[in-house]
Amino acid sequence: MAKILTGPTRFTHPEWTYSNKTKFKNAEVERAAAERLIDESKRLSDETEKTTDKTQRDVNKKLEQRLDDIKFWKEELDRKLEGISNETDSLLAYKTRLEKALESCEEPVHIANQCLFNREGRKSIDLVHDDVHKELLKEVETINGVKALLQRTIEQATEQIRLNRKAKYRLEKDLKDKFAALNIDEFCENLKNNSPGLDYKDGVAKIEANSVTPIDWEDFSNENIENAAREENASIQLRSLIDGILQQTANDMTKQCDAVNLAFNKRIDETRDTKGKLEEHLARVSAQINKMVENIALLEKSIKEKEDPMKLSQTRLGLRQERPNVELCRDSAQYRLKEEANEIQENIDRLKEQLAAARSSLKGLVRRQLDLEEDIEVKSNTLHIDEVECMGMRKSINIQAF
């Protein structure tokens, strides 16, 4: 109990003095350190404020530069987008021209084939492989070649339009991203230290793994623009090619159409001239038939007229054979009667021979008349087919360059 109630330790005066001095010194040191810390804090505060202000100004400048870069590329993209859009519209119009040109080939090739079919209706010798037939076959071949070329060009234009639209899509997507980035950076540029809605966001001060370098960023837009420029140039060249194809195919078809029409006109003139000559010969043969019929009638009449003299001569000879006895004399009258009978018979035989020849000639003339009439009918049929049916259809052919 005595130990527990032990009083405090007693110190000497020097110890007391030393303790006070020590505390004074420690307080002075701590006060000096605090003063230095205050001065350093003020300096650091001023420094960080200036650094922050400078950094914010630099950030704002960088944002401003970035906005300028985005606006520059956005303008470039907008300009190229407008160009590729206009070029695509132009190429679509050219594709429509090609489709119309292809559609317009159907009537000429149908007419050419119909002409070939109709000309199969020619008869006999007129069913000839003439220049018209050759030119019609060439026309069908030419038009089919034109159709194949136009179809290939349409497919080429369709593919180019697809490429144009692909380039346009990439530009539009790039522009959309640029527009979003522009809005974000403009909003960031306009933010101030006292702007509402500011808050801490952990983990944002880092480089995103999927981010790209500024060079990659520029290269991406530049590649989109260059790609669009390539497709635009290819589209312009294709339109120039289409202009040439449409003009050349129209010229080829027109040239061949004119060649067919010229061959038709020459053939029609030739057939009409031949038909006229056949009709002249038919008229002559018909006139000759009439003359031959008259000649046959004359011969038959002449033979008929010889019957009575022959009867008279033979009757006289028969009666004189009944002279009695010595009166049956071979006198000059008897000889002359025999000569007369023989002469008349000889004349009749000659007339009959001539009549047979005349009848044979008449049969030949009639055959020639039938041949001529048949050939004239053939020529008339040919003229109807070539002049009325074929040339009538060909007048409706209308070839355009579109």
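The first residue in the sequence is number 1, and the count goes up from there.
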Please answer whether the main-chain N or O of V109 pairs with a side-chain N or O of N113 as donor and acceptor at a distance below 3.5 Å.
-> yes

May I ask you to decide if the ring planes of W16 and H13 are parallel, tilted or perpendicular, using 30° and 60° as cut-offs?
-> tilted

E107/I397 under side chain to side chain contact (heavy atoms under 4.5 Å, CB included): CA gap, chis, key distance, verdict | CA-CA 7 Å; E107 183 181 12; I397 294 178; 5.6 Å; no

Partner of N224 under side chain to side chain donor-acceptor pair (under 3.5 Å), chosen from E172, K173, R170 = R170

Donor-acceptor contact present, side-chain N60 to main-chain Q56, <3.5 Å = yes

Going by heavy atoms in the side chains, are H281 and R284 under 4.5 Å from each other?
-> yes

Would R66 count as a cation-pi partner of W217, with NZ or CZ less than 6.0 Å from the six-membered ring centre and within 45° of the ring normal?
-> yes

Quick one: CZ on F179 to NZ on K74, what's the gap to the nearest 0.5 Å?
-> 7.0 Å

Polar contact flag, side-chain donor to acceptor under 3.5 angstrom, E87-S235 | yes

Working to the nearest 0.5 Å, report the span between CG of L182 and CG of D177.
-> 12.5 Å

Indicate yes or no: does R239 engage D243 in a salt bridge with an N to O separation below 4.0 Å.
-> no

So, are K275 and E279 salt-bridged, with charged N and O less than 4.0 Å apart?
-> yes

What's the shortest heavy-atom distance between A157 and L98, and which atoms?
-> CB-CD1, 4.4 Å

Is it true that E103 and K147 have a side-chain N and a carboxylate O under 4.0 angstrom from each other?
-> no

Thinking salt bridges, do R119 and D130 make one under a 4.0 Å N-O criterion?
-> yes

S221-K178 side chain donor-acceptor pair, cut-off 3.5 Å | yes

Residue pair L365 / V285: nearest heavy atoms and the distance that separates them | O-CG1, 3.4 Å

Heavy-atom count around E377 CD within 6.0 Å, excluding the residue itself: above 12?
-> no

Please report the closest heavy-atom contact between N190 and S195, naming both atoms and the distance.
-> O-OG, 4.3 Å

In plain terms, say whether D39 and R43 are close enough for a salt bridge, that is, a side-chain N and a carboxylate O under 4.0 Å apart.
-> no

Side-chain donor-acceptor pair present, R122, N381, cut-off under 3.5 Å | no

Quick one: pull up CG in L246 and CD in Q400 and give me the separation to the nearest 0.5 Å.
-> 11.5 Å

Between E139 and R394, is there a side-chain N and carboxylate O pair less than 4.0 Å apart?
-> yes

Taking it one step at a time, do R316 and Q321 satisfy side chain to side chain contact (heavy atoms under 4.5 Å, CB included)?
-> CA-CA 9 Å; R316 285 174 175 174; Q321 286 179 352; over 6 Å; no

Just checking, is any N or O donor in the side chain of E76 or N222 under 3.5 Å from an acceptor N or O on the other one?
-> no

Residues N295 and A358: closest non-hydrogen pair is ND2-CB, 3.8 Å

Check the surroundings of atom CD in E30: do more than 12 heavy atoms from other residues, nucleotides or ligands lie under 6.0 Å from it?
-> no

Residues E387 and R272 bridged, charged N to O under 4.0 Å | yes

Chi angles and distances behind the salt bridge (Lys or Arg N to Asp or Glu O under 4.0 Å) call for K255, D258 | CA-CA 5 Å; K255 181 180 177 181; D258 292 341; over 6 Å; no

Closest non-hydrogen atoms of R323 and C329, given as atom of the first, atom of the second and distance, are NH2-O, 2.9 Å

Decide whether T274 and K379 meet the rule of one side-chain donor and one side-chain acceptor closer than 3.5 Å.
-> no

Less than 4.0 Å between a side-chain N and a carboxylate O, is that true for R162 and E159?
-> yes

Does a donor on one side chain sit under 3.5 Å from an acceptor on the other, for Q369 and S286?
-> yes

Out of curiosity, I385 CD1 to I268 CD1, how far, rounded to the nearest 0.5 Å?
-> 11.5 Å

Verify whether one side chain among N164 and Q160 offers a donor that lies under 3.5 Å from an acceptor in the other.
-> yes

Decide if atom CD1 of I215 counts as having more than 12 heavy atoms of other residues, nucleotides or ligands within a radius under 6.0 Å.
-> no

Measuring from I376:CD1 to K277:NZ, what's the distance to the nearest 0.5 Å?
-> 13.5 Å

Go through the steps for K80 and E232 under the test salt bridge (Lys or Arg N to Asp or Glu O under 4.0 Å), then give the verdict.
-> CA-CA 9 Å; K80 187 51 62 179; E232 184 178 1; 3.2 Å; yes

So do Q156 and I242 actually touch side chain to side chain, heavy atoms under 4.5 Å?
-> no

Under the 3.5 angstrom rule, does the side chain of S313 hit a backbone N or O of P309 as a donor-acceptor pair?
-> no

Mark yes when over 12 heavy atoms from residues, nucleotides or ligands other than E141 sit less than 6.0 Å from its CD; otherwise mark no.
-> no

Within 45° cone and under 6.0 Å: R97 NZ/CZ vs Y94 ring = yes

Would you please say whether a donor-acceptor pair under 3.5 Å links the side chains of N251 and Q247?
-> yes

Checking N233 side chain against A229 main chain: does a donor-acceptor pair fall under 3.5 Å?
-> yes

State whether the number of non-hydrogen atoms from other residues, nucleotides or ligands found under 6.0 Å of Y18 atom OH is greater than 12.
-> no

Can any side-chain N or O of D58 pair as donor or acceptor with the backbone N or O of K54 at less than 3.5 Å?
-> no

Does a donor on one side chain sit under 3.5 Å from an acceptor on the other, for T142 and D252?
-> no

Going by an N to O cut-off under 4.0 Å, is there a salt bridge joining D46 and K50?
-> no

Would you please say whether a donor-acceptor pair under 3.5 Å links the side chains of T17 and K21?
-> no

T153 to L149 - nearest heavy-atom pair and separation | OG1-O, 2.7 Å

Hey, is CZ on R165 packed in by over 12 heavy atoms from elsewhere, all under 6.0 Å?
-> no

State the CD1-CD distance between I161 and E231, to the nearest 0.5 angstrom.
-> 12.5 Å

E339 vs R336, salt bridge (Lys or Arg N to Asp or Glu O under 4.0 Å): CA-CA, chis, key distance, verdict | CA-CA 5 Å; E339 289 176 0; R336 189 58 182 150; 2.8 Å; yes

Would R267 and E270 count as a side chain to side chain contact (heavy atoms under 4.5 Å, CB included) if you check the C-alpha gap in whole Å, the side-chain angles of each, and the deciding distance to 0.1 Å?
-> CA-CA 5 Å; R267 186 60 175 166; E270 183 181 12; 3.2 Å; yes

Considering residues, nucleotides and ligands other than K138, do more than 12 of their heavy atoms fall under 6.0 Å from its NZ?
-> no

Chi angles and distances behind the salt bridge (Lys or Arg N to Asp or Glu O under 4.0 Å) call for K291, E294 | CA-CA 5 Å; K291 291 180 180 180; E294 292 175 358; over 6 Å; no

Pairing of R320 and D331 as salt bridge, 4.0 angstrom limit = yes

Heavy-atom neighbours of E353 CD exceed 12 at 6.0 Å | no

